[in-house]
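To start, the structure under review is shown below, and the notes come after it.
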2 protein chains.
Amino acid sequence: MTSRQFADAVFEDHVGLRGRQWEQELPDVDTRGMAVLGRARWITLAARPAIEAVFARHGLDTGEFDVLSTLLRAGAPYRLRPTELYRSLMISSGGLTDRLSRLEKAGLIERVAAEKDGRSLPVQLTGEGRARAEAAFREDMAIEARLLDALTEEEQSRLAQLLSKLAGSLAAAPQN
Amino acid sequence: MTSRQFADAVFEDHVGLRGRQWEQELPDVDTRGMAVLGRARWITLAARPAIEAVFARHGLDTGEFDVLSTLLRAGAPYRLRPTELYRSLMISSGGLTDRLSRLEKAGLIERVAAEKDGRSLPVQLTGEGRARAEAAFREDMAIEARLLDALTEEEQSRLAQLLSKLAGSLAAAPQN
DNA sequence: GCTGACTATCTCGACATCGAGATATTGGAG
DNA sequence: CTCCAATATCTCGATGTCGAGATAGTCAGC
């Protein structure tokens, strides 16, 4: 720490320990990729239980919530085509069909005939689906904000900015 | 952008678009949590295909690689107890048993009797397992470094530092 | 108006993981 | 010693997702 700027100080965490183990075992490998992507993955996994608990209180799992929230934030009439949904959610078309079946059976969405394209069977939130999605989303955002409490507002903002730059570059890349 | 410092500028990305949609639909909700955790999740998902392709070239999936790499970085004799493994990997004990069975059948690990505790059946890399893990790890780190190319070294370092602070706080929290 | 390439969605068998319970073992209290 | 609560791992039925293929519909060009 003495020869480092404070801004570069890396805090003790699970991925940091991993990095030191690799340094011992394979000192010639550059693990900077892991320092970012490995931590992003670890944080995602670690935050999961708290967030899933929110959805479970509303009778949803993460995948189902993802569908409902995508429809909700699309704005009235809260309707999207399955293709838009599975691309946005980064899942397979088959996986989406299953989620939609569950949500339809639960009365949270309904399938409405497309106006123009007969191949398409758009999906739309029901009133209950809209209410459920909004309630779960509000609680989710409250929990997620709490998970970031240890960071100052400035750190959160800087972190979001750096992540958005990385995300932008990943989206732009051919297919990495 | 005019009224903002450049350092706070948020780049165009998928989660940024989501944030603007929520701003339209539910303007009173604070979505800062999503700006960080949502992006961490999105980046993890977006980086996945490129990384999985590496493992696939070595005949592994991500879960199997995670087991092998955990054993490898533990150092000689590359042996850990199943409990250490599933806790480190953040999966269930049952899920680990299945991964171990596959890896054992593939000849990449072997189960050796514990010296002291008869309840425990530690797992150890075979020579082939060690070689496979190292080769896949080296390639993985090369790909991950490339995925970060769009960021300067300083940005990567700052990002890693902020993520480590967040990860540390999540690990410290009771159970969030 | 046909035709063929393309698109949108669904079907379905394979499979990895979960998670509650079963089995075997340990170690400390009495 | 003997018990029993705690521990380590495995078993196994349920389930969510993948992904290749099937089905139905569209549209541009002839």
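In what follows, chains carry the letters A, B, and so on, assigned in the order in which the sequence lines appear, proteins first and then strands, with residues in each chain numbered from 1.
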Legend entry - Under 3.5 Å: donor-acceptor pair, side chain of Thr70(A), backbone of Leu85(A): no
Legend entry - For atom CG of Asp66(B) and atom P of dA16(C), their distance in whole Å: 14 Å
Distances under 3.5 Å between nitrogen or oxygen atoms of protein and nucleotides 20-27 of chain C:
| residue | atom | partner | partner atom | Å |
| --- | --- | --- | --- | --- |
| dT26(C) | OP1 | Gly118(B) | N | 3.2 |

Inset, instruction - Please confirm whether the backbone N or O of Gly19(B) pairs with a side-chain atom of Thr31(B), one donor and one acceptor, at under 3.5 Å? - result: no
Inset, instruction - Look at the side chain of Gln24(A) and the backbone N and O of Gln21(A), then say whether any donor-acceptor pair between them is shorter than 3.5 Å. - result: no
Inset, instruction - Return the value, rounded to whole Å, for the distance between atom CG of Leu121(A) and atom P of dT23(D). - result: 18 Å
Legend entry - Donor-acceptor contact below 3.5 Å, side chain Ser88(B) vs main chain Glu84(B): no
Below 3.5 Å, can you tabulate the donor-acceptor pairs from side chains in residues 32-45 of chain B to any protein atom, sequence neighbours excluded?
| residue | atom | partner | partner atom | Å |
| --- | --- | --- | --- | --- |
| Arg32(B) | NE | Asp30(B) | OD1 | 3.3 |
| Arg32(B) | NE | Asp30(B) | OD2 | 3.3 |
| Arg32(B) | NH2 | Asp30(B) | OD2 | 3.1 |
| Arg39(B) | NE | Asp13(B) | OD2 | 2.7 |
| Arg39(B) | NH1 | Ala35(B) | O | 2.9 |
| Arg39(B) | NH2 | Asp13(B) | OD1 | 3.1 |
| Arg41(B) | NH2 | Asp66(A) | OD2 | 2.7 |
| Thr44(B) | OG1 | Ala40(B) | O | 2.8 |

Legend entry - Side chain of Ser92(B) - closest among dC10(C), dG19(C), dG16(D): dG19(C)
Legend entry - Heavy-atom donor-acceptor pair, Glu25(A) side chain to Arg73(B) backbone, under 3.5 Å: no
Legend entry - Side-chain N,O (Arg102(B)) to OP1/OP2 (dT17(C)) below 4.0 Å: yes
Inset, instruction - Would you tell me if any nitrogen or oxygen in the side chain of Arg111(A) comes within less than 4.0 Å of OP1 or OP2 on dC10(C)? - result: yes
Legend entry - Rounded interatomic separation in angstrom, taking CG from Leu100(A) and P from dC18(D): 13 Å
Inset, instruction - Determine the sole option in Arg132(B), Arg102(B), Arg99(B) for which the salt bridge (Lys or Arg N to Asp or Glu O under 4.0 Å) test with Glu64(B) is passed. - result: Arg102(B)
Inset, instruction - Provide, to the nearest angstrom, the distance between the CD1 atom belonging to Ile91(B) and the P atom belonging to dA16(C). - result: 12 Å
Legend entry - Thr97(B) side chain near dC10(D) phosphate (N/O to OP1/OP2, under 4.0 Å): yes
Inset, instruction - Quickly work out the Asp98(A) CG to dT11(C) C1' distance and round it to whole Å. - result: 9 Å
Legend entry - Euclidean distance, atom CG of residue Leu45(B) to atom P of dC18(D) [Å, nearest integer]: 10 Å
Inset, instruction - Let me know the distance between OH of Tyr86(A) and C1' of dG16(D), rounded to the nearest Å. - result: 18 Å
Inset, instruction - Rounded to the nearest angstrom, tell me the gap between atom CG in Asp61(A) and atom C1' in dG19(C). - result: 16 Å
Inset, instruction - Answer yes or no: does a side-chain N or O of Arg99(B) lie under 4.0 Å from OP1 or OP2 of dT17(C)? - result: yes
